[in-house]
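Only one structure is covered here, and it is reproduced in the block below.
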Amino acid sequence: MITLSKKLKQAKEGKPVEIAQGPDKRASIRDKLLIKEVQEMESNLPPTCKVNFDDPNKLHQFNITIAPDEGFWQGGTFDFDVDVPEDYNILPPRVQCNTRIWHPNIAENGDICLSLLRETSLDATGWSPTRTLKDVVWGLNALFYELCDFDDPLNLEAAEHWLRDKESFQEKVTSYIERYAKR
């Protein structure tokens, strides 16, 4: 069995890479794109992010761990599952936060408000076939820094909490980190 690192090394060297499973199954367009995009993503990760593939034969399912090094969520470790649909890159990856968090753009059930993950967007910042997995990782990471949006929240209660009392908001974020996001 060829591991993910061997597949990426083969792709980098320009050698053909076996990505289909079974003798009769052909590789999908998605899987062909993922060979290149996973390599690009892994070589361009923000220092606060790690990517893990539970099954190296399934490049379309992986986990991203983000450990912010500054800001409200510093000290926490947040896990996200990424599932790349068969219709990728026409459709965006599906991303779910597995760590309970107090955040205006991430609901407590794990839903995420990030414009580049939207299939359609009024402001042209939604998903398009020119976006890549690297953009998804950098976008998720940015939710803990400059893209944290208190003006267009998914978790309205968290955004209102921040507007009402920033000190109390930080205390609740810290409490959630201590309970749910410590490694």
Side-chain angles (χ1 to χ4, degrees), residues 34 37-54 59-85 88-89 91-128 130-183:
L34 290 179
E37 287 193 25
V38 165
Q39 180 181 349
E40 176 191 21
M41 175 184 65
E42 287 189 325
S43 64
N44 291 293
L45 284 174
T48 56
C49 297
K50 292 183 181 168
V51 175
N52 179 51
F53 291 86
D54 289 331
L59 297 182
H60 64 281
Q61 294 176 332
F62 58 93
N63 178 271
I64 300 170
T65 301
I66 301 175
D69 57 4
E70 61 183 61
F72 290 122
W73 297 275
Q74 179 179 4
T77 302
F78 305 94
D79 292 318
F80 297 84
D81 280 338
V82 179
D83 185 22
V84 181
Y88 182 79
N89 67 352
L91 295 177
R94 291 181 294 275
V95 182
Q96 186 78 19
C97 183
N98 298 324
T99 309
R100 195 161 173 202
I101 183 172
W102 190 244
H103 192 293
N105 306 116
I106 303 173
E108 288 188 77
N109 69 0
D111 291 343
I112 299 165
C113 179
L114 180 62
S115 60
L116 69 85
L117 294 176
R118 294 183 192 147
E119 287 182 42
T120 57
S121 179
L122 297 175
D123 61 3
T125 59
W127 185 259
S128 74
T130 59
R131 295 201 184 269
T132 65
L133 294 177
K134 180 183 77 171
D135 299 326
V136 173
V137 173
W138 281 88
L140 289 171
N141 189 62
L143 285 177
F144 294 96
Y145 303 100
E146 68 272 6
L147 277 186
C148 180
D149 189 354
F150 291 94
D151 296 324
D152 184 21
L154 175 62
N155 183 341
L156 188 58
E157 188 178 351
E160 288 174 348
H161 188 183
W162 180 80
L163 288 170
R164 190 176 58 253
D165 185 345
K166 290 174 182 53
E167 187 175 316
S168 174
F169 174 83
Q170 179 64 66
E171 289 170 4
K172 188 160 186 176
V173 166
T174 302
S175 170
Y176 270 53
I177 289 171
E178 290 298 320
R179 281 192 274 172
Y180 309 114
K182 280 289 187 187
R183 290 263 163 134

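No experiment lies behind these values; they were computed from the predicted model shown.
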Looking at side-chain heavy atoms only, is the closest gap between [X] and [Y] below 4.5 Å?
| X | Y | value |
| --- | --- | --- |
| Phe78 | Asn141 | no |
| Cys113 | Pro153 | no |
| Trp102 | Glu157 | yes |
| Pro104 | Asp149 | no |
| Trp73 | Ile106 | no |
| Leu114 | Leu140 | yes |

Any donor-acceptor pair under 3.5 Å linking the side chain of [X] with the backbone of [Y]?
| X | Y | answer |
| --- | --- | --- |
| Ser175 | Glu171 | no |
| Arg131 | Gly126 | yes |
| Asn155 | Asn105 | no |
| Thr99 | Asp79 | yes |
| Glu37 | Leu133 | yes |

| field | Working for side-chain hydrogen bond (donor to acceptor under 3.5 Å, both in side chains), residues Thr65 and Asn52 | value | CA-CA 8 Å; Thr65 301; Asn52 179 51; over 6 Å; no
| message | What verdict does the side chain to side chain contact (heavy atoms under 4.5 Å, CB included) test give for Phe53 and Leu59, after you've listed the backbone C-alpha separation in whole Å, the side-chain angles of each residue and the deciding distance to 0.1 Å? | response | CA-CA 7 Å; Phe53 291 86; Leu59 297 182; 4.1 Å; yes
| note | side chain to side chain donor-acceptor pair (under 3.5 Å) filter on Gln170, not counting sequence neighbours, yields Thr174
Nearest-0.5 Å distance, [atom1] of residue [X] to [atom2] of residue [Y]:
| X | Y | atom1 | atom2 | result |
| --- | --- | --- | --- | --- |
| Ile64 | Asp81 | CD1 | CG | 9.5 Å |
| Glu40 | Leu45 | CD | CG | 10.5 Å |
| Asn63 | Lys50 | CG | NZ | 11.5 Å |

| task | Mind running side chain to side chain contact (heavy atoms under 4.5 Å, CB included) on Val82 and Gln61 for me, showing each step along the way? | result | CA-CA 6 Å; Val82 179; Gln61 294 176 332; over 6 Å; no
| said: Apply side chain to side chain contact (heavy atoms under 4.5 Å, CB included) to residues Asp83 and His60 and explain how you reach the verdict. | reply: CA-CA 6 Å; Asp83 185 22; His60 64 281; 3.9 Å; yes
| Identified ring-ring contact (aromatic ring centres under 6.0 Å, His included) counterpart of His103 within the set Tyr176, Phe144, Tyr145, Phe72 |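 Of the listed options, the one satisfying the test is Phe144.
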| request: Check the pair Leu154 / Ile112 against side chain to side chain contact (heavy atoms under 4.5 Å, CB included), numbers first and verdict last. | output: CA-CA 7 Å; Leu154 175 62; Ile112 299 165; 5.6 Å; no
| query | So with a 6.0 Å cut-off around NZ of Lys172, is the heavy-atom count from everything else above 12? | reply | yes
| said: Looking only at the aromatic ring of each residue, does the gap between the centers of Trp127 and Tyr88 stay below 6.0 angstrom? | reply: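 Ring centroids of Tyr88 and Trp127 are less than 6.0 Å from each other.
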| Looking only at heavy atoms, what is the nearest atom pair of Pro85 and Leu91, with distance? | CG-CB, 4.0 Å
